[in-house]
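Computed from a prediction, not measured in an experiment: that's the story for all the values here.
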Amino acid sequence: GYPVMLKSTAGGGGIGMEVCQDATGLGAAYNRVAQASRANFGDAGLFLEKFIARARHVEVQLFGDGKGKVLALGTRDCSAQRRNQKIVEETPAPGFSRSEAPELFEGAARMAAALNYRSAGTAEYLVDAATGRYYFLEINTRLQVEHGITEAVTGVDLVEWMVRVAGGETVDLSVSESGHAREVRICAEDPGKDFLPSSGLLTEVVFPEGVRCDRWITAGTVVPANYDSLVAKLIVSAPTRDGAIAKMKEALAATSLAGIETNLEYLRQVIASEEFAAPGAISTGSLGRFVYVPPTIEVLASGTQTTVQDWPGRLGYWEVGIPPSGPMDALSFRLANRLVGNPEGTAGLEITVSGPTLKFNRATEVALVGAAMPTTLDGDPVTFGAPVRVSAGSIL
């Protein structure tokens, strides 16, 4: 019965799949999905599977020695997905720990053992959140992006195991799990503009000490537009699930990336949401409903000689060829910051010829101080020398 999921036999990463509500929709989607599959994977094969309206994505990390012995190292919940792309993962999957769902571990290991599976792999399942029933999807025959959280709770280096087994060595396939771990994927994309890919020069890259961060970026890295948007993964672990969430909040707060747009602030808001905090509450459709509030201002028109300044600015470098900076009207600049409760050195805009047109993506408070000029907020005149409340979506 409908609805059903039409999927590519060679698909991956959310590519080559579409929900079909009825026979007409299935017919219309067939060529689209086949074409996408052929273009991305060189294979136009398709199949149908049961569509689960509120689903969780749970997977079992496997490792096999190629001689019939396979170890199941734990479960991961990868339900926090945006456009079918995983973005936040945790282990163990709520409701599917080794003690809660031993049959899932045993079944996954038995299935891979029957194939004499060698190296790391993942058995992936779709869980009906309403009933708790789970359905086998596939065995992913490679190392997963989220393998690091399994390493965090088992102490196993999966990549080392893979290399040793590939070299003909025998690995002791035994493990004990302890605690909880979380991972977030930091991507070069703009959540404020429907996750438009972002590329360019990273001028600042700061990650917290004592937190595992798998990344390829540093300050000065140019992120090109040619590849996948993933630039870094933050991985934390703690004895409890709540402890791991708290550590992830701290890690994200201590991370700073500048120069291009990333999903860093989006991840902070997702991790802080009530739905994410509740065990097993996140489904594969949750992030599609998540309301992100970007703490940004869109510059619709820049304004002639409108500059970003801070006080006192850059001083003392003129002798080596670097000109000084800072506001020309330092008194007004500092007064404006005081009016809205900012420290005097907080950056702001100084207008010297004509002002910009700004759209505010989050409600805030602004102040205009100095030489008066015609200014409107959503068409109404703005008072100078006083705090002014600005609503999300307003244009100044």
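Listed by chain and residue number, R76 satisfy the side chain to side chain donor-acceptor pair (under 3.5 Å) test with T150 (two or more places apart in sequence, or in another chain). In this structure, the side-chain contact (heavy atoms from CB on, under 4.5 Å) partners of E160, at least two apart in sequence or on a different chain, are D157, R164. The salt bridge (charged side-chain N to carboxylate O under 4.0 Å, His left out) check on K7 picks up E49, with sequence neighbours excluded.
Taking the side chain as every heavy atom from C-beta outward, I395 and L358 never approach each other to under 4.5 Å. Taking the side chain as every heavy atom from C-beta outward, L126 and F136 never approach each other to under 4.5 Å. Contact of the E103 side chain with the Y134 side chain is registered, since non-hydrogen atoms from C-beta on lie closer than 4.5 Å. Looking at heavy atoms from C-beta onward, R314 lies in side-chain contact with I322 at the 4.5 angstrom threshold.
Look at R83 and D194 and you find a salt bridge, because one of the NZ, NE, NH1 or NH2 atoms lies within 4.0 Å of a carboxylate O, short of that distance. K86 and E59 are joined by a salt bridge, as a carboxylate oxygen and a charged side-chain nitrogen come within less than 4.0 angstrom of each other. Under the 4.0 Å criterion applied to side-chain N and carboxylate O atoms, E261 and K193 are not assigned as salt-bridge partners. Contact check on D77 versus R56 returns a salt bridge, with a Lys/Arg side-chain nitrogen under 4.0 Å from an Asp/Glu carboxylate oxygen. With salt bridges taken as basic N to acidic carboxylate O contacts below 4.0 Å, one links R82 and E189. A salt bridge is absent between R133 and D128; no separation between the charged side-chain nitrogens and carboxylate oxygens falls under 4.0 Å. Using a 4.0 Å cut-off between a side-chain N of Lys or Arg and a carboxylate O of Asp or Glu, E265 and R268 qualify as a salt bridge.
Under the 4.5 Å side-chain heavy-atom criterion for grouping Ile, Leu, Val, Met, Phe, Trp and Tyr, V165 is connected to V159 within one hydrophobic cluster. Following chains of ILVMFWY side-chain contacts shorter than 4.5 Å, one can reach V223 starting from F195, so the two form part of one hydrophobic cluster. Under the 4.5 Å side-chain heavy-atom criterion for Ile, Leu, Val, Met, Phe, Trp and Tyr, L257 and Y266 are members of the same hydrophobic cluster. With hydrophobic clusters built from ILVMFWY side chains whose heavy atoms lie under 4.5 angstrom apart, V58 does not share a cluster with F51. Note: the hydrophobic cluster containing L368 does not contain F333 (ILVMFWY, side chain heavy atoms under 4.5 Å, direct or indirect links).
The OG1 atom of T375 sits 6.5 Å away from the CG atom of L396 when rounded to the nearest 0.5 Å.
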Step-by-step side-chain contact (heavy atoms from CB on, under 4.5 Å) determination, L62 to L73: CA-CA 6 Å; L62 302 170; L73 287 92; 5.8 Å; no
I245 vs F276, side-chain contact (heavy atoms from CB on, under 4.5 Å): CA-CA, chis, key distance, verdict: CA-CA 9 Å; I245 293 174; F276 180 85; 4.0 Å; yes
Pair Q61-E151, side chain to side chain donor-acceptor pair (under 3.5 Å): steps then yes or no: CA-CA 10 Å; Q61 176 67 59; E151 293 182 334; over 6 Å; no
Intermediate values then yes/no, ring pair (Phe, Tyr, Trp, His ring centres under 6.0 Å), F63 and Y117: CA-CA 8 Å; F63 198 95; Y117 191 89; 8.3 Å; no
Full working for side-chain contact (heavy atoms from CB on, under 4.5 Å) between N361 and I297: CA-CA 6 Å; N361 292 321; I297 302 169; over 6 Å; no
Side chain to side chain donor-acceptor pair (under 3.5 Å) between D172 and S174, worked out: CA-CA 6 Å; D172 177 20; S174 61; 3.1 Å; yes
S286 and E275: CA distance, side-chain angles, deciding distance, side chain to side chain donor-acceptor pair (under 3.5 Å) verdict: CA-CA 8 Å; S286 293; E275 187 174 10; 2.8 Å; yes
Stepwise side-chain contact (heavy atoms from CB on, under 4.5 Å) check, W161 with L173: CA-CA 9 Å; W161 275 15; L173 295 185; 3.7 Å; yes
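Without hydrogens or angle criteria, T91 side chain to T75 main chain gives a donor-acceptor distance under 3.5 Å. In terms of modelled atom types and a separation under 3.5 Å, the side chain of K233 and the main chain of V145 share a donor-acceptor contact. Side chain of S332 to backbone of D329: no donor-acceptor contact under 3.5 angstrom is found. In terms of modelled atom types and a separation under 3.5 Å, the side chain of S79 and the main chain of H57 share a donor-acceptor contact. Between the R98 side chain and the A72 main chain, a donor and an acceptor come within less than 3.5 Å of each other. Checked by atom type and distance alone, the side chain of S198 never pairs as donor or acceptor with a backbone atom of A188 at under 3.5 Å. Under a 3.5 Å cut-off, the side chain of R389 and the backbone N or O of A363 do not form any donor-acceptor pair. Under the 3.5 Å distance criterion, the side-chain polar atoms of D65 are matched with a main-chain donor or acceptor of K69. Not one N or O on the side chain of N40 forms a donor-acceptor pair closer than 3.5 Å with the backbone of A10. Put simply, the side chain of T154 gets close to the backbone of V156: a donor and an acceptor are under 3.5 Å apart.
For Y125 and F96, the gap between ring centers reaches or exceeds 6.0 Å.
A 6.0 Å sphere centred on OH of Y30 holds no more than 12 heavy atoms belonging to other residues, nucleotides or ligands.
A side-chain donor-acceptor contact under 3.5 Å links E124 and Q144. Between the side chains of E344 and N337, not a single donor N or O lies within less than 3.5 Å of an accepting N or O.
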